[in-house]
Amino acid sequence: MNNKTAKEILLKIREVGKRLDIPHITISLSQTFFHRFFAQTRFLEKDAFFVGVACLFLAGKVEDTPKKLRDIVETSFFCFYNSKPSEEEFIKIREQIINFEKIVLFTLSFNLHVDLPFPYVIDYCKKLKDLEKCRQTAWNLVNDSLSTNLCMKYEAKELAAAAVNLACSFHSILIPNISEFF
């Protein structure tokens, strides 16, 4: 799948999550599942919608913040197609989401543990004087990075360190002894 399509779907999934008041960590987890899935398999781009929605549905279960499948399907359909699905469309999509949830689980070998960078951002920023400015900027950088495949290339600690370093640079905050800091 090309990066543009993946990014568009991930941004839509984030929008679905926000509309359904799904916690930020759950949305981030779903985005990571999406990247891990497509790193291990080659599905058609037309299936990416179903994979993205299935990842969001699965992440809700993993993080114990589940939403009703009907709500996820209807909200996803609205965010992607700007309309409400007919009952017939809903049934077809629901079945596809359930099937893709199983496919995602098998593809990920049921390994649903993901080390997200956000706790590391908080830990690193506690060591700084201008905590709030730097923390929010670093948080936003990490959040935006989840729309890319950086989470597949670097560990969570590394992403957090890079985001905090960039945030400090942006706010002209000097990091004391950077080698000991991270």
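- Between the Asn99 side chain and the Glu95 main chain, a donor and an acceptor come within less than 3.5 Å of each other.
- Ring pair Phe34/Phe38: centre-to-centre distance below 6.0 Å.
- In this structure, the separation between OG1 on Thr75 and CZ on Phe78 is 9.0 Å, given to the nearest 0.5 Å.
- Remark: aromatic rings of Phe49 and Phe100 are distant, center separation not under 6.0 Å.
- Looking at Tyr124 and Asn165, their side chains never bring a donor and an acceptor atom within 3.5 Å of each other.
- Judged by distance alone, with hydrogens and angles left aside, the side-chain atoms of Lys12 form a donor-acceptor pair with the main-chain N or O of Cys79 at under 3.5 Å.
- Using a 4.5 Å cut-off between side-chain heavy atoms of Ile, Leu, Val, Met, Phe, Trp and Tyr, Tyr154 falls into a hydrophobic cluster with Leu150, Leu159.
- Taking each heavy atom of Val142 and Ala160 in turn, the nearest pair found is CG2-CA, 4.4 Å.
- Ion pairing between Glu8 and Arg14 fails under the 4.0 Å rule for side-chain N and carboxylate O.
- A 4.5 Å side-chain heavy-atom check between Glu89 and Phe77 finds at least one atom pair inside the cut-off.
- Partners of Lys61 by salt bridge (charged side-chain N to carboxylate O under 4.0 Å, His left out), not counting sequence neighbours, listed by chain and number: Glu101.
- In the hydrophobic clustering (ILVMFWY side chains linked at under 4.5 Å, chained through shared members), Met152 stands by itself.
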